[in-house]
Amino acid sequence: MNALRLLITAGAAFYAVVFLFQIAQNASVTGQALAGVVLLAVVTGLAWMRDELALKRYEIALLWVMVLGFLAYAAAHAPGVLA
């Protein structure tokens, strides 16, 4: 499991660098890129948790946040609020 945690951390660090390069190339995506870095940090932190019950609760909560986010996007996109 330790190798998996290190691999997840390395992948998150790689994508954080990609987000930072995106900021350097196009400053208009700064908010989205910083949100991505924060989300990567949170998800990577979940991989290092030791409490299995808390980890399960956080994973389920994160899953529901993603599902409801897609639902909110679809609800806003359908009437033309979002292009």
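Counting from 1, the numbers follow the sequence of the chain as shown.
- Under the 4.5 Å side-chain heavy-atom criterion for ILVMFWY residues, a single connected hydrophobic cluster contains both Leu40 and Val18.
- Under the 4.5 angstrom side-chain criterion for Ile, Leu, Val, Met, Phe, Trp and Tyr, the cluster partners of Phe21 are Val17.
- Smallest separation of non-hydrogen atoms from Pro79 and Ala75: CD-O, 2.8 Å.
- Using a 4.5 Å heavy-atom threshold, the side chains of Leu62 and Leu46 count as touching.
- With rounding to the nearest 0.5 angstrom, the CD atom of Glu59 is 8.5 Å from the CD atom of Glu52.
- Phe19 and Ala33 get closest at one heavy-atom pair: O-CB, 3.8 Å.
- With hydrogens and angles ignored, the 3.5 Å screen pairs a side-chain donor or acceptor of Thr30 with a backbone N or O of Ala27.
- In this structure, Ala12 and Thr44 approach most closely via the heavy-atom pair CB-OG1, 3.0 Å.
- Arg57 is listed as a side-chain neighbour of Leu53, based on a closest heavy-atom distance under 4.5 Å.
- Residues passing the side chain to side chain contact (heavy atoms under 4.5 Å, CB included) test with Leu20 are Ile23, sequence neighbours excluded.
- Linking Ile, Leu, Val, Met, Phe, Trp and Tyr whenever their side-chain heavy atoms come within less than 4.5 Å leaves Val37 and Val43 in two separate clusters.
- Counting only distance, with no hydrogens or angles, the side chain of Arg5 and the backbone of Trp48 share no donor-acceptor pair below 3.5 Å.
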Exercise for review: List the steps and the verdict of side chain to side chain contact (heavy atoms under 4.5 Å, CB included) for Gln22 and Asn26.
Suggested key: CA-CA 6 Å; Gln22 289 295 319; Asn26 185 3; 5.5 Å; no
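- In the hydrophobic clustering of this structure, Leu39 does not group with Tyr15; members are Ile, Leu, Val, Met, Phe, Trp, Tyr whose side-chain heavy atoms approach within less than 4.5 Å, directly or through other members.
- For Ala54 against Met49, the heavy-atom pair with the smallest separation is CB-CE, 3.6 Å.
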